[in-house]
Amino acid sequence: LAIRPLTEMSRPGYRAARFPTPDVPDHAPADVLPAGALAAAPPELPELTEPDVIRHFTNLSTLNMSVDTHFYPLGSCTMKYNPKRHERLAGLPGIGDPHPYRDEADLQGMLQILHELQGMLAEISGLPAVSLQPAAGAQGELTALLTAAAYFRDRGEGEQRRKVIFPSSAHGTNPASAALAGFDTVQLKPTKTGLTDLDELASKVGEDTAVFMITNPNTLGLFEKDIEAITALLHDHGALVYIDGANMNAILGLTRPGDFGGDMMHYNVHKTFTGPHGGGGPGAGPIAVRDFLGPYLPGPVVKKVGGTPERPEFALHTPSKSIGRVRSHFGNVGILLRGYFYLRTLAAAGMRDVSERAVLNANYLRSKLKDVLEIPHPAPCMHEFVASASRSKKNRQISAMDVAKRLLDYGVHAPTVYFPLDVPEALMIEPTETESKATLDQFADIVRDILTKEDAETVKTAPHTTPVRRPDEVKAARQPVLCGVAKGCGTVPVDEVTVSA
Amino acid sequence: LAIRPLTEMSRPGYRAARFPTPDVPDHAPADVLPAGALAAAPPELPELTEPDVIRHFTNLSTLNMSVDTHFYPLGSCTMKYNPKRHERLAGLPGIGDPHPYRDEADLQGMLQILHELQGMLAEISGLPAVSLQPAAGAQGELTALLTAAAYFRDRGEGEQRRKVIFPSSAHGTNPASAALAGFDTVQLKPTKTGLTDLDELASKVGEDTAVFMITNPNTLGLFEKDIEAITALLHDHGALVYIDGANMNAILGLTRPGDFGGDMMHYNVHKTFTGPHGGGGPGAGPIAVRDFLGPYLPGPVVKKVGGTPERPEFALHTPSKSIGRVRSHFGNVGILLRGYFYLRTLAAAGMRDVSERAVLNANYLRSKLKDVLEIPHPAPCMHEFVASASRSKKNRQISAMDVAKRLLDYGVHAPTVYFPLDVPEALMIEPTETESKATLDQFADIVRDILTKEDAETVKTAPHTTPVRRPDEVKAARQPVLCGVAKGCGTVPVDEVTVSA
Amino acid sequence: MLAEVGAESVEDLLAQIPASVRLDRPLNLPEGLCESELQRHVAALAERNRPRDAANFVHGGGDRVCFLGGGVYDHFVPAAVDEIAGRGEFYTAYTPYQAEASQGSLQAFFEFQTLVCRLTGFTVANASLYDGGTAAAEAALLAIRETKREGRVVVLGSVHPEYRQTLSTLLEYLPADVVTVDCPNGVTDVAAVEAALTDDTAALIVQHPNFFGNLEDAERLFAAAKAKGVISVQVFDPVTLGLLKSPAELGADIAVGEGQGLGIPMQYGGPYLGLFACREEFLRKTPGRLIGRTEDADGRECYVLALQTREQHIRRGKATSNICSNQGLLALRATVHLALLGPQGLREVADLSVRKTHYLADRLCETPGVTKAFDAPFVREVCLRVEGGARGLLGTARAAGFDLGPALSRFPAELFPAEMRAEELVLVAATERRTKQEIDLLAAALSDDPAATPLDRGEPVLAVA
Amino acid sequence: MLAEVGAESVEDLLAQIPASVRLDRPLNLPEGLCESELQRHVAALAERNRPRDAANFVHGGGDRVCFLGGGVYDHFVPAAVDEIAGRGEFYTAYTPYQAEASQGSLQAFFEFQTLVCRLTGFTVANASLYDGGTAAAEAALLAIRETKREGRVVVLGSVHPEYRQTLSTLLEYLPADVVTVDCPNGVTDVAAVEAALTDDTAALIVQHPNFFGNLEDAERLFAAAKAKGVISVQVFDPVTLGLLKSPAELGADIAVGEGQGLGIPMQYGGPYLGLFACREEFLRKTPGRLIGRTEDADGRECYVLALQTREQHIRRGKATSNICSNQGLLALRATVHLALLGPQGLREVADLSVRKTHYLADRLCETPGVTKAFDAPFVREVCLRVEGGARGLLGTARAAGFDLGPALSRFPAELFPAEMRAEELVLVAATERRTKQEIDLLAAALSDDPAATPLDRGEPVLAVA
């Protein structure tokens, strides 16, 4: 049942929010502002009561699948459980409400949290210089690449090092960020093993290489076993290695980017450290880099400036050769806070548990599914794996997308499909560490049923129980409609206006 | 899809909440308590992770209809919208967290709120003495009847006045409360008009009458036009009149129980003043009584004891001839607070708006339905009306219950059915003032379709889209199962224990 | 809309209210406030409930520290409890009369009953009553119905005084007398109870651990009741059941309790949660809502309001209780809370509360004039005697930001025997939330030791490198 | 589980990580805290962010009073916004790739786009960008793509300094130069802008009302841009659109803004909400997510992620932006907020903010040495000059519990022309939440008037009879 658009529910005269009557001597806008600047009428927003608004959005919410309601094994996205304590703490007075321009001296609690977080992220990555500023992983990538660009320019290699290299299985953000940072992009060829081919890489790396971007474990869920050789190769050519931290949740406390040769990395706080995904953000994409890159980081960062061990004092600080800001204000503090809460809860042992359990869950599910789906790369995997529906596509015309859609009917969110591009009919499955064996077993049974027991037609026309079925994306692209129609301007008799407290 | 019981999800070793390690010198329970008092093991509660618990209850919640998601015209229950600001404010530090035994001097803000609320309830009822203690409407009734009993005993009429009279349309709580207060109960006969028959009442009233309990507007949604004569009759016989305030939402600012002869009344704060119903409570049932009954009220009440007009001082006070406590602590403060917030938002004009709009909405819906359902009593009604499905029952075997069940398929909660008992195949409909005309129109159309267009079999076997359909209540009564089975005591390998932050 | 109903104005519709009783003026209520004004107003009043500005108050802006007990405790409430109870589908639904539209509430309440059964050891629990006090009264009424003995209900003097007051009020106009067996020594004398149990006694009401925090000899008391055909009612504290034998194991027939400690905010006294569980044979006489598991028309397992014929809306004057709205949302909170804690968590909360209360007792007894009132094992609350009266001690603590109590002087004096010198007695409790540091600071504040370090809560208590 | 995977231990599975890079020690992180410990720890740190104990701080325990501006404002957020944004179905869902499982988010974001279009007067809006600053940079990049002019982007000196910094950083390694037209007088000289607009200029970026709170001559500026084939970008403040002409009406081609004022808590700088709307013709070059309305296989109206071929996950190096996670939950908040306010509510917030800021300006200018920095109409924020530097004034106010700013000295000095004497300038703003009483008390605190009555927030501000 479609829920009527807000704008169609609008009735002139209805309203929810009310505001105080002015208590100051008259400075009416019409008196203090030039007439030419003023609009004839306020914007045509819908007119609604609070009950209208609450019922509308509450019902809308139930059309979503979400981690709180469904298993959500969306590969690469790390849909782990988001502890409720984080939401409560992030809203505390003094935590949720400080204006960004308050005096630093009055925000020592906040700065302490952010400083501690910088330290923890440095320790986990093995990369000592941290900037919390980037708003999301993609911005972290871009920020790191700009940092690299500034570094090379500073060394006089700015004109020379034009290339950023990445594997074919890279996230789309990698080449997009490289392009935005002004680099030329070079993509490696797919490999059978799913791992980076050292020889091919060597053939592409040169004195014109600025950065090699690599996700490790990679997007196929495999640890790049040659990572030391890879990073050594880049370093030998004076280039830098960027670690895409999207899969950091697999290696927490087990190995560190800084230890396997990474020079820069970003974290996805909303994945690895369980900031909720919010239906598509906000995220937070702090970056950690080697000491020699620290001076180029965007500011501000938090620095300890004195005080006592029991009561340290902190201040904001802009690194000496900073690339400048990549956004306004400090960063996506609300998400950084959730990461802090998570780290303070789980601590060192918990970090390791998270990764070990994520790896175990993924391997368990991989094993349970290996005879119903093709899995092109050898076991074990790390925290996720990529399966392929090629066989089913060939034999029964059931595609990865069909499987994905059919899963929805069982109350399970679909895996990521058709990514990475290297694997045909890819189904990328990441169970995360917060799911129980019971859920994994149930999921495996469902996939098995879909692929081995169900009528092909049922699967190919799925989903059947969702609010809508296979929206027409072509139409959405050909005749794009991106905003609702203007509201009806009929008048409503005053006796229809609802009383709303 | 049924959601597995919590207890069946339990897996030994799982847990969600963790607590600090002891930081005080050892006083282990085994050392300080006698062995004979200690259990061999803690209770067999389920063992779960936080994600298990959240997903379980979040999914359960979506099996409910509720005001936030559906139109809920449940007659007599006043399912109006509950403003969200109330939830926020009731939880503020200093409001949501005070221990009841904190010193009164340190809780002057709380006492001011409760004192103001007492005053507002006195003004709205026209009855000056208020006790906020009763936990719900039914307890308010009982408290008022005990107050009356104490009053009569004090006058030496305790042995003589044994009877409590009420109309046949009374809520079941009226006779139940009267019995609990030690009175004999006398029920009047149903009338054609739906109103109290003065002659019949006169025939029942005598010097043995203690209290006449009447709901006004009554449970048929009609204002008792003879209310003055009724109350005069009772007063002439030395008896008291109790107004069941369940329907106060119809007369706020229009007329007052104290003005039409009531001596005592209760409020349902969770109905009239929009405390949320909570799936069946908590409520709050404060009572208001005439001055001469004030000394008998249960304590504590809040009294102004000094201070300045800008900063008054308050204290708890037990009335001089108090019947004593009817519960522990002050009352259901959380719900009283919501009533206070509501009253402070709407104020005098808003109160009147609420009732006028409730009456208009009910009459509008009544009019829209009058040709598809029988409505035994003449228009206009007050805030609700009782329709009957007798005709449909007779002609098409579609009962009131069938209509109620079928409405669920349309995403509308059912009206109250088979109450009041006086009306056969009763459907008691209360739209409330917070619903818009669009919703009322939609509801009327649905009822019309059900009764005039739909196949009788479809209606009689409804609902068809709800999670379950017509549970077997006979079985539930004959073979009652009121608690889940003991959990399975299997052991789970340690490698199945989920990591949960 | 008026046209549809054939009225010119809403006034036409209101003509059914006789003019003579119409209110001819606006209600005299305070001005209306918009949401932001209301928030400011309430926040200002809330601040008056958090006094932090006394000269010697040392907590630097933090909250007051709660050592209060008396049946209500400052236990930690996990955020997950608020999250679930804050879902509109739960808190804006009504009593689940329409089972098909209420399986969420129904299953949650069924699970609540299940967990209450697990706690108490019984197989019947209802879906909640108002609070511990009314639950005790309902138990007495059940006992009267069940035994058909209308002579007396015996209640121990060690039962919460407000529960005893509630019981007296609610039974005042019914035939049975409420007879109290005093408890001057903090633990009830079993022989005195045996003497009070007459042949027409319907119920014996025992709180264990009792109001003073002490263990009663519950098994012997219940055995004594059984020997006289009297129904045993235990007032229990659910948190202590993480350690103690269950009511059923002790031999009680009915268990009632205050569920506030199970994830419910203190909110100045309510809404709380009346717990009620009993032996299977009383099932059809139990008060309140019962949720039953059954099957639907298609054979699916589901839940309904069961045995409604006991209830007031069906049985009216002959109902097992007049209760209609119960404490549904609080029952939900308790269910979520217990599901989060599990057996181990409940045990830990009880264990920590025992340890901290004992340490608190030790430290407070260092204060001159302060002693333990009774020489008996106490669990998670302790009764102290302050020579010459407790007022001064409480005042000193309060000024320093620590709330202690309740002092027994807050209850009517007649509820305690004179020989107890109740005006000198005060209860204190420390839950798992209290720290050694807080207890030490309280002790220092009471000791007049100028060297006592103030606890500055502006200081991170758990500073890290 | 290990048996299923054929491993003896998890270590077996981790063997794929070369031993040489394995971490051979535990991470050096602080001790783990349970929920109640964590809450205590964070609450203690939170208190350090609410200093209320300065000797002359008069608010008796209440919160600090915010007169801060600079693009982030202390607007009231209705509880209904928190209620909706706090629903797990919204905040624990991912980007709505699977339309069938995400109609809730998709429709909400479509409604967000609709409301942004209504505000700005355009017909294309995206589903959010990170914040106002990055939105301005994305607009510049779009303009470069659209015009294929790689020479320069002209930005006014009256644009938020942090937005200008962001723009410079993000364009640093791309061909186009960022050229700033200084604004020493608080309102930009149109002729100077005309002179800066070269034939290879891709975009002109104007903030209106500008960073100093003043109105620019936006229509003339946009006309000048149009005359040179330059794309006009207006940085707007959504709250002021309750009163002011929309970007489209003023002639802008792209409107970008910071949506924080629409129901989003200040949270020390983020997450906020980048708003982006533009003329229809730029549709296929827009950055970020776009939600489109379409039909499903059964003809039902529904919503999908539209035009994904612009995006990085499809188009990779040639995408219109690298953005992946956007600010979905904040877009939801803004949608709910605007739905609650409606046209009248938005107008009232703007109107009250104008009135209070003007009164604030009047009262602050009574302080010796304080004057309005510019002689220009200002809207909801005002730039003051404090002779000799603003530090002392801000310090006095802070100690009294009032936060003012930002002082321009907090930004790099090179962002303002020397002739402005930026070190003497400070911005202040009063939203609808501020009261006359608060403003008067601030004025009194700055006046050194000993008769000034302290505002005791423990006192109910709205006492009733």
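None of these values were measured; they are calculated from a predicted model. Heavy-atom basis, side chains included; hydrogens, waters and symmetry copies ignored. Lettering of chains follows the sequences in order, A, B, ..., and the numbering in each one begins at 1.
Between chain D and the options A:Ile335, A:Thr416, A:Ile124, A:Leu222, heavy-atom pairs under 4.5 Å are most frequent for A:Ile124. Chain A forms the most heavy-atom pairs under 4.5 Å with one residue out of D:Ile291, D:Asn28, D:Leu115, D:Asp12, and that residue is D:Asn28. Highest contact tally toward chain A, considering only D:Tyr359, D:Tyr130, D:Tyr94, is held by D:Tyr94 [criterion: heavy-atom pairs under 4.5 Å]. In terms of non-hydrogen atom pairs under 4.5 Å with chain D, the most contact-rich of A:Ser177, A:Ala39, A:Gly331, A:Gly91 is A:Ala39. Among the candidates A:Gln108, A:Met382, A:His270, A:Arg366, the residue making the largest number of heavy-atom pairs closer than 4.5 Å to chain D is A:Met382. Of the residues considered (A:Arg470, A:His99, A:His277, A:Met65), A:His99 shows the highest number of contacts with chain D, using heavy-atom pairs under 4.5 Å. Comparing D:Cys302, D:Ala306, D:Ala319 by how many heavy-atom pairs each has under 4.5 Å with chain A, the most go to D:Cys302.
Here the options are D:Gln437, D:Lys436, D:Lys356, the test is side-chain hydrogen bond (donor to acceptor under 3.5 Å, both in side chains), and the partner is A:Asp23; only D:Lys356 passes. Tested against D:Glu89 for a side-chain contact (heavy atoms from CB on, under 4.5 Å), the candidates A:Leu63, A:Thr62, A:Val67 yield a single pass: A:Thr62.
Heavy-atom minimum distance, A:Ala347 versus D:Gly32: CB-N, 3.4 Å.
Taking a cutoff of 4.0 Å between a charged side-chain nitrogen and a carboxylate oxygen, D:Arg64 and A:Asp106 qualify as a salt bridge. Using a cut-off of 4.0 Å between Lys/Arg side-chain N and Asp/Glu carboxylate O, D:Glu100 and A:Lys405 are scored as salt-bridged. A:Asp103 and D:Arg398 are joined by a salt bridge, as a carboxylate oxygen and a charged side-chain nitrogen come within less than 4.0 angstrom of each other.
Using the six-membered ring where Trp is involved, D:Tyr272 and A:His329 have ring planes that are perpendicular, over 60° apart on the 30 and 60° scheme.
Contact annotation: the side chain of D:Met266 never approaches that of A:Pro98 to less than 4.5 Å [non-hydrogen atoms, C-beta and beyond]. Between A:Arg256 and D:Leu27, some side-chain heavy-atom pair lies under the 4.5 Å cut-off. Within the 4.5 Å cutoff, side-chain heavy atoms of D:Arg118 are placed close to those of A:Thr7. Taking the side chain as every heavy atom from C-beta outward, A:Ser61 and D:Ile84 never approach each other to under 4.5 Å.
With D:Thr169 contributing its side chain and A:Ile323 its backbone, the two residues share a donor-acceptor pair below 3.5 Å.
Heavy atoms of A:Pro298 lying under 4.5 Å from chain D are absent altogether. For chain D, the nearby parts of A:Met110 are the backbone and the side chain; heavy atoms of each come within less than 4.5 Å. Proximity to chain D is absent for every atom of A:Ala284, based on heavy atoms less than 4.5 angstrom apart.
With sequence neighbours left out, A:Phe419 forms a ring-ring contact (aromatic ring centres under 6.0 Å, His included) with A:His171. In this view, A:His70 satisfies the ring-ring contact (aromatic ring centres under 6.0 Å, His included) rule with no residue, not counting sequence neighbours.
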